[in-house]
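For reference, the structure is listed below as structure tokens.
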Amino acid sequence: MSNLDSMQRFTFDNTDVRGELVGLHKSLSDVLSKHEYPEALKIELGKLMAASALMSATLKYEGRLCLQVRLPGDVTLIQAETTNTGDIRAIARYDESKKIEEVELIGGQLVITLEPAVGKPYQGVVPLDSNQLNESLEYYFSQSEQLGSRFWLECDGTVASGFMLQQLPSSAENDVDAWDRLSHLASTLKREELLTLDNPTILHRLYHEEEVRLYDLEPLRFACTCSKERIGNAIQQVGFEELMDVIAEQGKVSVDCQFCLQHYSFNKEQVTNLFPEKKLH
Ligand SMILES: [Zn+2]
């Protein structure tokens, strides 16, 4: 397995279809080391990380792509984010008093947020009608971009792998045969193969009769985008009076970033600075 913690684009000569392969190992274990997640949740988290990396390849600007799975059951949230430079982070929230044997996705929502470094974020929401995350991602692309897309996502708790095929905008009408052929071949890929084979071997196994062009590997790593400023923006939502109550009791407001466990603390002056209108009085 030579392609872990990286992403790699491929295209087919004479065909308007492109693909991406992703493999996560250390970046996944870095995420999993921050919390004691149940096994079933680790697997869904790994798949969502792979999906966010694959989708970040479609970003056309500096920024990040965030995938949120919001659920009504004992697991309430699974979230993964990847920036255009390959920084990836993820988190899950669940009822720790419950035994989580499986993660039921049906009945939840998949929220896709494209966050450019400059400009307004774009958000799309699709219902989770299936326990297979890839089907909801495919539905999202067919609705929002009118592009045929196929996703294969696997995770064994240690390695997460993903495979994406996507029609290029120009191909949607005129190259249906190639799209059908390439996506049918991809569907013959077995779980073990996606988790264990390197990218050239996977592509040779599927497409040895096609002209495939493989691009450079793009590294991925766990990295958190938290900062005192961002955490400050988040605690503002709590409200000035409530934060002052905490300061009166504890002398400071303490917050740990849930993604990386970095500790942040705000004294009375720092909290007051978050509320410019309060300083005037
Ligand atoms: Zn952090």
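One-based numbering, in listed order, for ligands and for the atoms of each. Basis for what follows: all heavy atoms, side chains included, without hydrogens, waters or symmetry-related copies.
- In this structure, the side chain of Glu138 engages the main chain of Phe151 through a donor-acceptor pair within 3.5 Å.
- Asn134 contributes no side-chain N or O that, together with a main-chain N or O of Trp152, makes up a donor-acceptor pair within less than 3.5 Å.
- Only protein N, O or S atoms were considered, and those under 2.8 Å from the Zn ion (ligand 1) are Cys224 SG, Cys226 SG, Cys257 SG, Cys260 SG.
- No hydrogens or angles considered: a donor-acceptor pair under 3.5 Å links the side chains of Thr201 and Asp198.
- Between the side chain of Asn131 and the main chain of Leu105, a donor-acceptor pair closer than 3.5 Å is present.
- Side-chain atoms of Arg70 and Gln109 form no donor-acceptor pair, as typed in the model, at a separation below 3.5 Å.
- Looking at residues two or more places apart in sequence or on another chain, you find no ring pair (Phe, Tyr, Trp, His ring centres under 6.0 Å) involving Phe266.
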